[in-house]
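Below is one structure, written out as structure tokens; the observations come after it.
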Amino acid sequence: MIKNINTKMKLLLFPFMFVIIVVVSGFVYLHYSDMESKRNEVALKTDDFVQELLKGRISVYQFLREGTDTNKDKVIENFRLLDSEVMALKPKLTSPKNIALSDEILASSKEYVNNFNIVATLVIANTKNGLKEESAEIKTTITKMAESGVILEGKINEINKSALELKEEAHSLLNQILLIVVIVAILVFVVFSLLIS
């Protein structure tokens with residue numbers, strides 16, 4: 001069949017093949033590059049979770065040093081920001097593990113804030129009554145807060161680690177796909193050249 005095609009048409013097939021290979025390569029690159037970009041964004045956002053948790057826990061310590069309504073509101077606001085960032089990121093997650101971790105982060109954060117509200121009520125009441133000594137109930141609830149805080153921190157670190165692994169996996173996959181496209185393009189050109197000659 002190729003013998004029946006004149007030389008001019010045979011030579012025109014090379015640019016046609018080149019255009020097809022470039023278009024296919026472009027679509028493949030755009031798809032996998034977009035996937036890598038989204039995973040990178042998720043990894044960066046999970047880094048923000050670590051920072052928000054740190055701010056929240058610092059504000060808790062500030063509240064325990066000076067138990068005022070203003071400091072209480074600051075703690076609640078910091079954890080509300082953490083929760084809103086987790087909820088905003090959740091629809092962008094593709095890994096079932098990370099989706100489950102985001103739910104666990106929200107549950108741990110809620111438990112932490114609930115325990116904090118109990119402590120805050122008791123500390124503010126003690127402050128108004130002029131009591132400086134922490135009651136057994138405050139100490140017990142602070143211990144529960146610390147435990148849920150450790151769990152929350154662990155879940156945030158886990159989702160951050162998972163997001164970084166997925167980002168690296170996407171980067172590696174992009175490189176492998178581009179290498180495969182290059183090898184296939186070279187093979188197609190070589191085979192086609194041999195058939196034409």
Side-chain angles (χ1 to χ4, degrees), residues 1-57 77-110 149-197:
M1 176 177 162
I2 293 180
K3 291 180 182 179
N4 297 337
I5 301 173
N6 66 25
T7 306
K8 181 180 178 184
M9 288 305 286
K10 288 179 186 177
L11 291 175
L12 284 175
L13 290 175
F14 279 105
F16 180 70
M17 275 184 19
F18 177 76
V19 168
I20 289 174
I21 289 172
V22 167
V23 168
V24 168
S25 300
F27 280 120
V28 167
Y29 176 78
L30 288 175
H31 173 73
Y32 286 100
S33 177
D34 183 51
M35 182 174 73
E36 181 187 19
S37 174
K38 287 178 181 175
R39 288 184 177 179
N40 187 43
E41 180 185 344
V42 168
L44 290 173
K45 280 292 189 187
T46 59
D47 279 339
D48 291 345
F49 296 170
V50 174
Q51 298 301 320
E52 289 298 326
L53 177 62
L54 182 61
K55 285 180 195 173
R57 292 183 86 177
E77 178 62 19
N78 284 334
F79 279 93
R80 190 192 61 73
L81 286 172
L82 172 64
D83 291 349
S84 66
E85 284 190 19
V86 172
M87 286 187 284
L89 182 66
K90 190 176 172 184
K92 297 177 184 176
L93 299 174
T94 56
S95 165
K97 176 185 174 185
N98 286 348
I99 293 170
L101 281 170
S102 66
D103 289 335
E104 291 172 18
I105 288 169
L106 291 170
S108 295
S109 176
K110 183 178 180 180
V150 168
I151 292 170
L152 177 58
E153 185 176 353
K155 296 300 178 188
I156 287 175
N157 287 334
E158 194 176 339
I159 196 170
N160 182 257
K161 181 181 174 189
S162 176
L164 289 173
E165 288 171 358
L166 287 172
K167 178 187 110 171
E168 289 302 318
E169 179 185 301
H171 181 71
S172 175
L173 183 62
L174 176 62
N175 289 338
Q176 290 172 0
I177 295 294
L178 290 177
L179 184 63
I180 290 169
V181 167
V182 167
I183 291 170
V184 168
I186 290 171
L187 289 175
V188 166
F189 266 106
V190 168
V191 169
F192 195 69
S193 297
L194 290 173
L195 286 175
I196 287 182
S197 63

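Here, residue 1 is the first one in the sequence, and each next residue gets the next number.
- Looking only at distances, no side-chain donor or acceptor of Ser172 sits under 3.5 Å from a matching main-chain atom of Glu169.
- Put simply, CG on Asn40 and CD on Glu168 are 9.0 Å apart, with the number rounded to the nearest 0.5 Å.
- Residue Ser109 comes nearest to Phe79 through the heavy atom pair OG-CD2, 3.8 Å, listed as atom of the first residue, atom of the second, then distance.
- For the side-chain contact (heavy atoms from CB on, under 4.5 Å) with Ile105, the lone residue among Lys90, Glu85, Lys155 that qualifies is Lys155.
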Q: Check the pair Asn160 / Asp47 against side chain to side chain contact (heavy atoms under 4.5 Å, CB included), numbers first and verdict last.
A: CA-CA 6 Å; Asn160 182 257; Asp47 279 339; 2.7 Å; yes
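- Heavy-atom minimum distance, Ala43 versus Ala163: CA-CB, 3.8 Å.
- Between Lys55 and Glu52 a salt bridge is recorded (basic side-chain N to carboxylate O distance below 4.0 Å).
- Atoms CD1 and OG, on Ile159 and Ser95 in that order, are 8.5 Å from each other to the nearest 0.5 Å.
- Between Asp48 and Lys45 the shortest side-chain heavy-atom distance falls below 4.5 Å.
- Taking CE of Met35 as the start and NE2 of His171 as the end, the distance is 12.0 Å to the nearest 0.5 Å.
- Between Ile183 and the options Val181, Leu179, Ile186, a side-chain contact (heavy atoms from CB on, under 4.5 Å) holds for only Leu179.
- Scanning both residues, Asn78 and Gly56, for their nearest heavy atoms gives CB-CA, 3.7 Å.
- By the 4.5 Å heavy-atom criterion applied to side chains, Lys161 and Asn157 are not counted as neighbours.
- Salt bridge status for Glu41 with Lys38: absent, with no side-chain N to carboxylate O gap under 4.0 Å.
- For the atom pair CG of Leu81 and CZ of Phe49, the computed distance is 12.0 Å after rounding to the nearest 0.5 Å.
- At least one side-chain heavy atom of Tyr29 sits less than 4.5 Å from a side-chain heavy atom of Leu174.
- For the atom pair CG (Leu30) and OG (Ser37), the distance works out to 11.5 Å, reported to the nearest 0.5 Å.
- Put simply, the side chain of Tyr32 reaches to within 4.5 Å of the side chain of Leu173, judged on heavy atoms.
- One finds the CZ atom of Arg39 at 11.0 Å from the CG atom of Leu93 (value rounded to the nearest 0.5 Å).
- With a 4.5 Å cut-off on side-chain heavy atoms, Asn98 and Leu166 count as touching.
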Q: Could you walk me through whether Leu82 and Ile156 pass side chain to side chain contact (heavy atoms under 4.5 Å, CB included), step by step?
A: CA-CA 11 Å; Leu82 172 64; Ile156 287 175; 4.2 Å; yes
Q.
Walk me through whether Glu158 and Ser162 qualify under side chain to side chain contact (heavy atoms under 4.5 Å, CB included).
A. CA-CA 6 Å; Glu158 194 176 339; Ser162 176; 5.8 Å; no
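- Looking only at side-chain heavy atoms (C-beta outward), Leu89 and Ser102 stay at 4.5 Å or farther from each other.
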